[in-house]
Amino acid sequence: MRYPFSEIESKWQKYWEDNKIYRTNLSDTDKKLYTLVMFIYPSGAKLHCGHWYNYGPTDTWARYKKLKGFNVFEPMGYDAFGLPAENYAIKTGIHPFDSTITNINDIREQLKKMGCMYDWDSELMTCVPKYYKWNQWLFLQLYKKGLAYRKNAPVNWCPKDQTVLANEQVQSDGTCERCGTLVIQKNLTQWFFKITDYAEELLKGLNEINWPDKTKSMQRNWIGKSTGTEVKFKVDNSDETITVFTTRPDTLFGVTYVVIAPEHPLVDKLTTPEFKEKVASYKDSIKSLTEIERTSTVKEKTGVPIGSYAINPVNGEKVPIWIADYALLTYGTGCVMAVPAHDERDFVFAKKFNLPIRKVILGGDNTKPEDEFDAAYTESGTMINSGSFNGLASNNGIDSISDFLEQNNLGKRKTNFRLRDWLISRQRYWGTPIPIIHCPKCGEVPIDEKDLPLELPYDVEFNPSGESPLASNKTFMNVKCPKCGSEAKRDPDTMDTFVDSSWYYFRYLNPDFTSNIFDTDLAEKWTPVDMYVGGAEHATMHLLYARFIHKFLRDLGYANSDEPFTNLIHQGTITNQGAKMSKSKGNVVNPDKFTLEYGSDVFRLYLMFMGPYELGGDWSDKGITGSDRFVQRTYELFNRFPKILERVSPIPKYEITQLFEEEKSCYRKVNETIKKLDEELNNFRFNTAIAAMMELLNELTKNIEKCNADIQAYALVRFGVMLGPIAPHLAEECMEIIGLKESIFKNPVWFEPDAEALIKDSVNIAVQINGKLRTTIELPLNSEQSSVKEVVFQDEKIIKNLDGKQIVKEIFVKNKIYNIVVR
RNA sequence: GCCGGAGUGGCGGAAUUGGUAGACGCGCUGGACUCAAAAUCCAGUCUGGCUCACACCAGGUGCCGGUUCGAGUCCGGCCUUCGGUACCA
């Protein structure tokens, strides 16, 4: 009979739900295991293959741990605020709240049909006041500590989505992470979270977590710590001082000009009258360029001198001051000392504008002071042309010159980070309102915590106008100042949705908690998250923000750990014809097609069997029949032994030497599979785990009929339990068929392999001549060299191959090879 | 440019510390069952040579070189490809 997946899957899903099999007892923290997947964005596109690939295998891991006796907590929820719902509303007129709730209801049904062991009592969504109230609370705590602040700054603006974006949300080609539109720069007053205060700790903490190296290194690069020295250059005929940041103070004597970012406030002050016009027109010319064009490494560098001169603090030399597009206002001091001889960018610039190049380091191929360069020498070496520092190794020169500068108050050591503060305001409707009132008299006034939540009004004109939709809602905007009572305005912006996701894992523990952001008693016991699984695309966004907020909450006394996610795994990306699946490309594969035809166990199995989990791969449904056949054959196998457990009770261990051949073969394979599966599942190697199960099925199909009933029961029970994580519905059904009375997930059990069954009595030894395989011989396990040798030299093929040759050496590796080296 | 991952049959992919390359699955070929088909089951399937067949021989893990008795695995130099990043002083 064909496996009736549809009835059976709904039967067990109902059973699991009715019996609350997956309700986690959070008060039992012995062997607690918090397994989490990145929560789902409830778009109209519903569950796609990528979600399945994330959730299915992770649930297999969670179920495996559950059977191993862990108290597993595996929740699911909805990252429900965000742009797509609002864009959908603009297009269709359907309110974001309504479409989001509809989508959530649909997606919940889809999720339940996947058959994951989610604790549905812990479900949460971010778009409801009982959740986002705590975003506002969190904002206020950050505000109190000076970590939430407003400033006017050049920001990334997406013309299509009509909102600002964080640096992290702008892709490397300068386009919007969400919609792919080219991002432009705008000066706006925006809210920031001061993540930079935690830069050093965010960097150090990476050493303490078990995350993919790639992700850690991406975060390291993103944080971009750089240690160097700030050097003060006096300006000739002026009281102003230019402070530059350099990582190479050892090249200070090689400075031949100084560059300031064109937008730097000093530029106007230092431009001499005769250069005013040139400078103004240069600034105009780069204004029209986007940040990306301006900072493109391909583009030729441009710049103009501004007429004044800076004085090198170590040698008193006057060098011209330039403005150039390659100096960035947002990094360091916005001013650069240029050393063309030892910096690539300065070199190219100096060549182009005929500025002097002075060598101060010798080393490598660069051995003669008078030789001309065709490229900058950026390595270390011996210092020359550097006054009293001549002859010093430049590596030491870094310290010596820094010391000199600090002692003479000409500069100081400084650490810079590439990381910028997190821009969190968005000029959009569908998000958390910012709990600040702007009073003409008192300025920024935070809302009193007891007045939270500040609810997002339902009736809002959300067509994009470049202004926050909330601004047009008078009843929302107009408010009395809580401090002085005068007419004031609310902040019209909403928060970046990454604020929602930066602490949601705490909230799952009790999503209905009302007296605080989350239940801190539970949080202390259950966080950090033990295993977090989600896409690598969040490496420098969500995964960085969550670490920051976690540390902040810890500092408030709300968490007792330093990091939110102890272990992290990224599932690979499933592509279609080489391209990322996306609605706009029209290459999205709908999982329903397969779950309706084969059932969710088969689909889950197939996704896991495709290849290594972290690699992903290109979608193809070619092999899904293989997973289907595995399920069919398994079902048939169990149906051959109905209620066998009511007739016999296998003992935990059999003496393998007492079994006859087929029994021995089944018994051994069962125990080998337990061992293999244990290792593979534990390490997210689902493809090889399933291969092992297929091997076991092949073995049992072939030999189980010939075994005694107690061995049959022994094998089937183990096979069924191992099936539990990888095909849960099928496993429950199979176990019921053979007479188990209760769900294996209600009374979790996992079998240990019988060590004696894993020891083979004979092994194949490869016999090689000069490393080339000539034959294999079967011998008892652990045969010594002398006895192996005896057999080897009686072998016809070996005798033939050795004919006329001189034996130089023989190499023997026990149970593996016997290699004869000849001449 | 820089950082990281990946290159193995027709395809997805397996291979402990270097020790029998191609597990498992798909597909394909042949056979059984069937009036026939589907499904299922059995056998074969890295390439080339030779053979009725078994056997046997040679070659083979992106390319070139090296270390070693022995390299898919280690080392050096490339090529292709997929991610990330973009003048960060």
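Per the geometry, OH belonging to Tyr598(A) stands 10 Å off P belonging to A39(B), to the nearest Å. If you take NZ of Lys702(A) and C1' of C41(B), they are 14 Å apart, rounded to a whole angstrom.
For Lys214(A), counting side-chain heavy atoms from C-beta on, the closest listed nucleotide (C56(B), A89(B), G4(B)) is G4(B). Looking at the side chain of Arg345(A), the nearest of the listed nucleotides C87(B), A23(B), G25(B) is C87(B).
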- Contact string for nucleotides 44-51 of chain B, one letter per nucleotide 5' to 3', B = base within protein heavy-atom range under 4.0 Å, S = sugar-phosphate only, - = neither, reads --------
- Query: What is the per-nucleotide protein-contact pattern of nucleotides 13-21 of chain B, from the 5' end, where B denotes a base atom under 4.0 Å from a protein heavy atom, S denotes such proximity for sugar-phosphate atoms only, and - denotes neither?
  - Reply: SSS-B-BB-
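Sorted by first and then second residue, the pairs that involve residues 682-694 of chain A and meet side-chain hydrogen bond (donor to acceptor under 3.5 Å, both in side chains), not counting sequence neighbours, are Lys65(A)-Asn682(A), Glu680(A)-Arg685(A), Glu680(A)-Thr688(A). Among residue pairs with one or both ends in residues 327-348 of chain A, none qualify as ring pair (Phe, Tyr, Trp, His ring centres under 6.0 Å); sequence neighbours excluded. Sorted by first and then second residue, the salt bridge (charged side-chain N to carboxylate O under 4.0 Å, His left out) pairs involving residues 328-350 of chain A (not counting sequence neighbours) are Asp343(A)-Arg345(A).
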Dump the pairs, protein N or O against N or O of nucleotides 26-32 of chain B, anything under 3.5 Å, distances to one decimal.
| unit_1 | atom_1 | unit_2 | atom_2 | d |
| --- | --- | --- | --- | --- |
| C26(B) | OP1 | Arg629(A) | NE | 2.8 |
| C26(B) | OP1 | Arg629(A) | NH2 | 2.7 |
| C26(B) | O3' | Thr625(A) | OG1 | 3.4 |
| C26(B) | O2' | Lys622(A) | O | 2.9 |
| G27(B) | OP2 | Arg629(A) | NH2 | 2.8 |

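Note on Asn416(A): nothing from the nucleic acid sits closer than 4.0 angstrom, heavy atoms only.
Contacts of Asn639(A) classified as side chain to side chain donor-acceptor pair (under 3.5 Å), with partners at least two apart in sequence or in another chain: none. Residues passing the ring pair (Phe, Tyr, Trp, His ring centres under 6.0 Å) test with Phe638(A), sequence neighbours excluded: Phe719(A). Scored by the ring pair (Phe, Tyr, Trp, His ring centres under 6.0 Å) test, Tyr613(A) finds Tyr53(A), Phe684(A), Phe686(A) as partners (sequence neighbours excluded). Applying the ring pair (Phe, Tyr, Trp, His ring centres under 6.0 Å) test to Phe594(A) and every residue at least two apart in sequence or in another chain returns Phe603(A), Trp619(A). Residues satisfying the ring pair (Phe, Tyr, Trp, His ring centres under 6.0 Å) test with Phe5(A), not counting sequence neighbours, are none.
Taking the C1' atoms as reference points, G83(B) lies 22 Å from C87(B), given to the whole Å.
RNA chain B contains the following stems of three or more consecutive Watson-Crick or G-U pairs, with both distances under 3.5 Å: B:1-7 with B:79-85, B:10-12 with B:24-26, B:27-32 with B:40-45, B:46-49 with B:56-59, B:62-66 with B:74-78.
The residue among Val821(A) and Cys335(A) whose nearest nucleotide of RNA chain B is located toward the 5' end is Val821(A).
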